[in-house]
Structure formats: structure tokens, C-alpha cells
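Only one structure is covered here, and it is reproduced in the block below.
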Amino acid sequence: MEYNFREIEQYWQKEWKARKTYKVETDPSRPKYYVLDMFPYPSGAGLHVGHPLGYIASDIYSRYKRLCGFNVLHPMGFDSFGLPAEQYAIQTGQHPAVTTAQNVARYREQLDRLGFSYDWDRQIVTSDPEYYKWTQWAFLKMYDSYYSFDENKARPISELVARFEKSGTEGLNAACTERMEFTAEEWKTMDEHRREDVLFNYRLAYRADTTVNWCEGLGTVLANDEVVNGLSVRGGYPVVQKRMKQWLLRVSAYAERLLDGMDRLEWSESLKEIQRNWIGRSTGAQVFFGIKGCDSKLEIFTTRPDTIFGCTFMVIAPEHEMVGALTTDDHRSEVEAYLEETKKRSERERMADTKRVSGVFTGSYAVNPFNGVEIPIYISDYVLAGYGTGAIMAVPAHDSRDYAFAKHFGLKITPVVEGGDLSVASYDAKEGCMINSDFLNGLDVKAAIEKMFAEIEVRGIGCRKVNYRLRDAIFSRQRYWGEPFPIYYMDGVAYPLSEDKLPLCLPEISDFRPTSSGEPPLARVQGWHTAEGYPYETSTMPGFAGSSAYYFRYMDPHNDKALVSPEANAYWRSVDLYVGGIEHATGHLIYSRYWNKFLYDIGVVVEDEPFRKLVNQGMIQGRSNFVYRINGTNTFVSLGLKDQYDTQPLHVDVNIVKNDILDIEAFKTWRPEFADAQFILEDGRYVCGWAVEKMSKSMYNVVNPDYIVENYGADTMRMYEMFLGPIEQSKPWDTNGIDGVYKFLRRFWRLFFNGDALNVSEEAPTPKELKTLHKTIKKVREDIENFSFNTSVSAFMICLNELGDCNKRSVLEPLLVLLAPFTPHIAEELWHRLGYEDTIFDAAYPKFNPDYLVENSFEYPVSVNGKMRFKKEFALSAQPAEIQPAVLADPQMSKYIEGKQVKKVIVVPGKIINVVVG
RNA sequence: GCUCGGAUGGUGGAAUAGGUAGACACGCGGGACUUAAAAUCCCGUGGACAGCAAUGUCCGUGCGGGUUCGAUUCCCGCUCCGAGUACCA
């Protein structure tokens, strides 16, 4: 009987659905395990080949954990709000809800064909009002909270109001946009408008006038992680800086906890590193410089207080609040011209010419608090308003940017650390001996920094300060297809909708463009206001809003009273294993952690980190093929001969190339212009060139997963994707190797049959067979735990090679169970042919629990990493006296053991490989 | 620029508390079975040299050094490739 994957897969997919095999219930009597995939945005293009890689890995892991007796939550859903559906709507008038529903259905179908063990009863869709109700709810909670650094957690805003009423801002240690100082009396005299402004300075979800990334092409603002190289990630449109009133989340309040929390996470070091860099903690000093002829002070931040004696000028950002005050009348016109010029430059232009030095002198002088020297104050856009205090002390001798500026404007360069050649470049290294620095002279840099911190505090001119690069997240988008804000306005003051009014549903509209005055699409809607007629906020939430806490919703997806019930949350807690792409390192994975910590602070959830272990699957790249056309002809020359001609490489569809040999007939019909193509062959064949590139239609290297499933089956597809290489690694898809896996499954299938009849022996296994079996179980189990699926597939192949034609039930049955996570359909089919009624996942535990099998494998030596190593017992049992002559005969070894006592010798046939001496 | 990661046959990749480098698979070559094809099975396959042969010798994990009886693995210095970040003071 032949292996008919089509029939088997269709049958079991239907059967699993009917039997509800993958339905999961909260069950405190069993240990839980939560495996989550990053849910996809259901794009019109369907599931692309990169997706299955991670999904297959997580599915294997989920199924394996089930076999080990865990109650596994492995859900799937769709991140369905977002720009593409709306862009499509603008072009076609098709409502995003309609497109989204179609795409979701298509994804479901594609996912189901791969045989995943999702509990679809728990599916969530972020654009569903039942779901986004909880996104809006969390937003209201953030609106209603501030961050206390004393308690190091979020607290209700009412506590802050009570505090203001009692003692104003005195002794307040809270996260805020800008430092404020007022007394209780002053608070009491403030009107509603003013109080709201003050509270927005502290709320975790707040509205503020800020400089934002404005994308004209998309007609909306974007968060920092949505902009790369001055272009929008979606669409690649230019982004400019613009001041606008926006909603923001005070993510920066959590910077320290986001940093600390990472120590406890099993994430790859590289991913942690990316987050650390993004958060960008740096310790330095805040120092006040006096201003000549003026009482006010200029506040700067520096990580190099040791170089303060080398400070020869100051620079403030063009947006700095003291620009006006510092500019003297005789410099005013130049300063204004400069400000005008910088405003016009887009973010991209600014980035493009970081080499260009620009700036203008204000006419004012600061006074160095340590030596009283007067130094000029400049304005330049190389100083950012959003970081530190927006002002720096410039030390051209030891900072390359200050150096470039000083050279350009002919400013003084005073070295204060020995080393480097200042005629060529600044000396930025944090090592060397201090000079020209009064009381620091002779110290090394590190000691000088410490001494300076102390001195600054003693003199009362500043303090030690930690700064973060992490900015608050801009939370509003001028779009239609997102969660509406549960906010309305009365006389220009924002008010929250009460919780019982949620969800605030997105109204139906037919025109998705911004209004002519540049307002978001929701501004077109006539009835977009409260029952009393107060207008709702017209912007909507960004893409990351719906994905920040979705993993809680899977725990209790149909609960309309709470995001998640305390019982369900107490059981499932947090995600044990999260699988997804590394591209979310500075977006989703930061926002989720922030969101989770906030929910933890307000007592809604029990864990303060969302994803305990995280695996980043690599990208699947394309493997393109090329043909070489001789210039000016329609003749194509094979790879090996192309250098004899003047040729041009052309991409050719990989689906008409097999093992780099071109199917010439298929090529001629591929496109009309090649119908009469001529070929120069080598050895009678046309050999194509190849290269690894991005998988894309224009390079004709796209392989559709549906095609693979159709021709080889989902089991082969699953196993082959794992076999391609380490899961974290990016690798090209090459269909040519798939036969190896397909062959393996057919061979395995044939072990069970003699002709069409099941032919399984009840005989006891031989020691050799048992050894092979146990070796395989141990290896595969270890590999799954380590997420090394490519080597576990190899282990199965080795096992089959070693078993020969063994058809014993006692051997095949455990193997079937071990194989089931990888290739569930074929395993299930054979399992039932062996006479089982229940599905493999319901019946196998605990008899075939991999742990049980490993524990019972002690009598047989076991291979490690596929390489046979002799067990310790063997090595120790060899008497040193017997080994001695052999060891001494080996020239290398005899030198090694000279005069020492041999404790242990490891021998392979004909060779000594390890001798342990005492 | 800074930070992190990587480099092993024709190809994808195994093997790192230092111990037979190239498992497994693809491809390729040869053979069996077949009218033929497909499918299946068997043998060979890093390079060079020697031998009729079994086999033997030498060289080989990006480059150059070092530590060690022994290095793909550890250390130092490079080269190239990839990723993140980008005036963060």
C-alpha cells in the first residue's frame, strides 16, 4: 500500500476538527504550557513562505509538550487593523472590514492545510469590537494612571490629584513630560483647562503638543520604530518632523524596568542587545552653566564630566526654549535664518548629510562653573531637542562631532586627556591621563569621572543623572482602520468615555481619505459624537495597540466582563514560548512588555513579563536562477561557458529549473520572446547560475507553500522546512532537497505494510534495535527542547537507516509517537492502523511519554549528538595497566602522560582519543 | 561610526565543558531491477600524491599568529559577509 498523503491529510484534518482534538480547557489539575506565535496581519497576498517556518516549529513544540502531559494552549488569531487594508479601501472603495474578512478566511484555509494544532475556538481578531473593547479599556486605565518612582509602579491619577490638593508638587517623584512646580494653593486656583494640562503632564496615556514623524504620503504620524532611514516602513514615503497635538503612551516611565526585566527572560542575547540599545540607558551628569550678564542658567547633560575643563563652547538645539533669550540683537537675523532653514529640512535630509556641519552663534556666552572661563553659545541641529536637556557642553578635543564643529567655525580645541593626535581627529576613547584640568590632573579617565560626579554635587551645580534614548510612543494615527479612542471633547478639554460605554465602535464610512482640511477620515462622520453631541476624538490607535495584550485574551477569549478572568490568568499566567520574527524587537516586543507591566501594576494580571522564552525564526530567502543571454542575440549560453561570451544574466522562473538544469521546452513557452531562443549547452544540458536573494515575484524565485502541500503533502512540507537548517537562521528555500524527506516518510510508511496488508510483528526487539530506538528518543527529545529541529529530523533518518526492515510493533509504536509532532497526519493514520481508537495525542500519554521512554533506556549505551561515544563505565573499566603500552606507543600521547598516572583512557577502534591523567 | 552575529565539501548543514572534521540530506558518478520510464535498492563521492589492489601518506573548517600532547571549538590581530542603530552628548 502506497503512502497517499492527500487522502490521509484531508481525512485527519476533518477528523481532528470533528473530534475537537485540539480544544483546550483551563484545567488546574494539569501543568500548563502556553505556546504562542506572533499572529499575522492578514494581507491580501495570503500566507507567505516565511510564516510557516515559525508556525511549524511552534506546532511541533506544542504537540511535543502535549505528549509529555502538559495542558498546552496554542492559539492563533489575526492582527487585522492596519494600513494596507485602508490603502486598498482608498483605491477601490472596498470596505476594510470586507477585505479583512476575506483575507482572514484565506489564511485560515492555508493554515489548516498545514495541520496545525490550534484551538480555533479561541481565535481573536483585533478589529472585532468584542476584542478591541479591551484595547480601549486598557487605554482608559492608562489615561487614569500616572507613574510613581517612589513606589516604582503605576498609580491611579486620583492619588495624584489628592496630593496636589494637599501639597502641590512638593516632594513629588513621578514620571512627567516636563518638570513642574506649584503649590496646593496654586492648584486650587487652576481652571479645568489648566488642570487637565497639568494632569496630562503625568498621565500614562496623555495628549501633548510634540514633535512627531509626519508622513505626508500616508497622511498620518508614525512612531519611531515605524520609520527607518527617514522613510515610512509601510510604503517607503518620506517622513518629516512636525509639531502636532497627539496622544502618547508614557513608555519612558518604564525604561528602567524594561531594562531590568530582560535579565529574567530566555531571549537570545542579540535580541536583548537590540532592546538594550533601543532603550539606551546612559549615566551622566546634569550640570548648570551660568550665562554671562544674566541670572538664568543653561542646563546640560554629559556622560563625560571629566572633560569639563576642555569645554570651549556650548551648543543648544534649534528647538531649545532658551533660543530666544540667548540670542542677542546683533545676531537675531542670522539665528532666525538658521532656524528657518533647519525647520525646512526633512528628517531624511538631516540624516543624509550628518557630515555637513551647520550652526549659528547666538551672541551669548556661558560661564564654565569650574574655571569661570567665558565660552560662546551656538545653535546647531546636531544637538537634539528630545534628548537630555537639548543642550551640550562641547569638548572638541574628545568628541568627534564637537571636533568637526570646532574645525568648521575655527573654535578653540583644548586637550584634557592624553592620547591621540588632535591635528587629525578628536580623541574619544575613555582612557588616558587627565591634563589641563586643575584638580583632575594625573587621574585616569574613569577615576576623573567619579571624582567629577562628587565634585558637581558638592558644589551644588548639578547632579548625577540617568538618561534614556527610549521615547514615549505616539499613540494616535490620522486613519480610519484602527481602534477609536474612547475620548470626547468638551470645550476643547478631553474626557474619557465611561467603561460601561465600551466598545466605542468604529462607524461605517465610505470615503476613507483624509478631509480637505487634513483631518482624519472620522472627521467626515456626521454622528461621530456622544449622545449629548460632544465630538469624539477623530484619530485612531496605531497598529501596535491591538497586538500589545492579545496573548491575555486567548486565555479567556469570550469573557465580556474582563480582559481575562483572574482564574484563567492565574492558570495560564504568561506565554512560556513565543515564536516570531526579530523585526518586532523595537516595536511590538517593547510595547507588549510595557503594556503587560502596566496591567501588572494595576493588579489585572499576575506576571509582569509577557514572554518568558522567545525564539526568532529566520527569514526564508529566495534562491534565484539565472540564464545568460549573449548580448544582442536570443541565444543563451550555459553557466560553464558564459565567460567566453559577452552575456547578460536574466532571472528565470525557479519552477522550470530543476537542480540548476533548465527545462528548455518549458523555458520556450514561459514567455513569448523566448519561443525561438537558441541554446549553447554543456554536456547536453543547460546549467543555470543561482544566487540567494529576497523572495520576490520580480526575481521569479517565489515558491508557494500551497504548491508544496499539493505535491508532497503537509507532513513532508513541515519536516522539510525544519530540515533546511537551524530555525533562527535565515536560509534560502530550495525545493530540490525535499525528496530526501519525502523518501523518508515513504520508507517509514512501508515498514508497516506487506503489499496492501498491515504487517507488524509482535516479536520482542533485539538489543540492537532497542539501542537504536532509545538513542533516537533521547536525541530527538533533547533536540526539540533545544529547538534544534534540523538535527532531530536527521536523527529520524539515521534511525530508519539503522533499523533496516524492522517491523516490530514494540519499536515502531514509540517511534510513531515521537514522530507525531513533526508529521501528525501520517503518524495519526499509522497509529489508527495499529488498532487505536483515540487520536495519538489523546492516547499516547503516559505510556509513550518521551520522559518515560528516556528513563527506561538506561540499559543501553546512548549516542550523544549523533556521534557514538563510549560510556564512562567502559573507559573506566579499562585498566590503566592494560592501556599503558598502547598509550606509550603513541608518540603524541607518550609525551602527554610522561611521569603522570593514567586515570581514564577513551579508545576508538585502532586509536586512543583521550587519556585523562591525574 | 558604534553594537551584535556569522564564515566548515558542488549545495543545505552536522560536530564546540578542546579529543576520529564533513553526521544526515541534496546533487553527482557507477551498478541492480525494468522493453522503457517512474519508483525502489546497492556502491562511491573534501583535495593531492603513491599503489594492480586491499590500502597508505600528506594537506584541509575565511586569513595571520598564540595557548595545548591535541584547536572548527579557547585567546590576540585582520579580511569579508549579514543584522541592528544612527548626530543620544
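Labels below follow one simple rule: chain letters A, B, ... track the order of the sequence lines, proteins then strands, and each chain is numbered from 1.
Using a 4.0 Å heavy-atom criterion, one finds that A:P726 contacts the sugar-phosphate atoms exclusively. Nucleic acid contact for A:D402: none, since no nucleic acid atom lies under 4.0 Å from a heavy atom of the residue. Heavy atoms of A:R471 sit under 4.0 angstrom from at least one base atom. If you check every strand for non-hydrogen atoms under 4.0 Å, A:R276 touches nothing.
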Worksheet item: Would you write out the dot-bracket form of RNA chain B, 5' to 3', with Watson-Crick and G-U pairs under 3.5 Å, [ ] for crossing pairs, | for pairs to other strands and . for unpaired bases?
Response: (((((((..(((......[....)))((((((.......))))))(((((....)))))..(((((..]....))))))))))))....

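A:Q729 places its CD atom 14 Å from the C1' atom of B:U11, with the value rounded to the nearest Å. Here the P atom of nucleotide B:C87 and the NE2 atom of A:H398 are 23 Å apart, to the nearest Å. As a whole-Å value, the separation of A:D783 CG from B:C24 C1' is 12 Å. Counting to the nearest Å, the C1' atom of B:G12 and the CZ atom of A:F723 are 8 Å from each other. Atom P of nucleotide B:G82 and atom CD1 of A:I274 are separated by 17 Å, given to the nearest angstrom. Residue A:M719 contributes atom CE, which lies 15 Å from atom P of B:C24 at whole-angstrom precision. With rounding to whole Å, A:N277 atom CG is found 17 Å from B:G1 atom P.
When distances are taken from the side chain of A:S270 to each of B:C4, B:A23, B:A25, the shortest belongs to B:C4.
Atom CD1 of A:I60 is separated from atom CE of A:M722 by 5.0 Å, given to the nearest 0.5 angstrom.
A sub-4.0 Å separation between OP1 or OP2 of B:A89 and a side-chain N or O of A:Y387 is present. Under 4.0 angstrom from either OP1 or OP2 of B:U11 there lies no side-chain N or O belonging to A:R623. The shortest distance between the side-chain N/O atoms of A:S282 and the OP1/OP2 oxygens of B:A89 is below 4.0 Å. Taking side-chain N and O atoms only, A:N790 has no distance below 4.0 Å to OP1 or OP2 of B:C24. At the phosphate of B:A39, neither OP1 nor OP2 sits under 4.0 Å from any side-chain N or O atom of A:R746.
In this structure, A:D663 and A:E665 have side chains that are in contact, with non-hydrogen atoms separated by less than 4.5 Å.
By the salt bridge (Lys or Arg N to Asp or Glu O under 4.0 Å) test, A:E256 is found to be paired with A:R281, residues two or more places apart in sequence or in another chain being considered. Among residues two or more places apart in sequence or in another chain, the side-chain hydrogen bond (donor to acceptor under 3.5 Å, both in side chains) test is passed with A:Y742 by none. For A:D756, there are no side-chain hydrogen bond (donor to acceptor under 3.5 Å, both in side chains) partners, not counting sequence neighbours. With sequence neighbours left out, A:E321 forms a side-chain hydrogen bond (donor to acceptor under 3.5 Å, both in side chains) with no residue at all.
Of the P atoms belonging to B:U40 and B:A54, the separation is 31 Å, rounded to the nearest Å. Nucleotides B:A53 and B:C49 have their P atoms positioned 14 Å apart, rounded to a whole Å.
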Taking only nitrogen or oxygen atoms into account, show me every contact under 3.5 Å that the protein makes with nucleotides 26-30 of chain B, one pair per line with its distance.
| unit_1 | atom_1 | unit_2 | atom_2 | d |
| --- | --- | --- | --- | --- |
| B:C26 | OP1 | A:K743 | NZ | 3.1 |

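Residue-environment remark: CG (A:D263) exceeds the threshold of 12 foreign heavy atoms within 6.0 Å.
Anti is the classification of B:G65, since its glycosidic angle lies more than 90° from 0.
Between A:Y382 and A:F405, the ring-plane angle classifies as tilted under the 30° and 60° cut-offs. Between A:F753 and A:W749, the ring-plane angle classifies as tilted under the 30° and 60° cut-offs.
In this structure, the ring of A:F796 has its center less than 6.0 angstrom from the ring center of A:F822.
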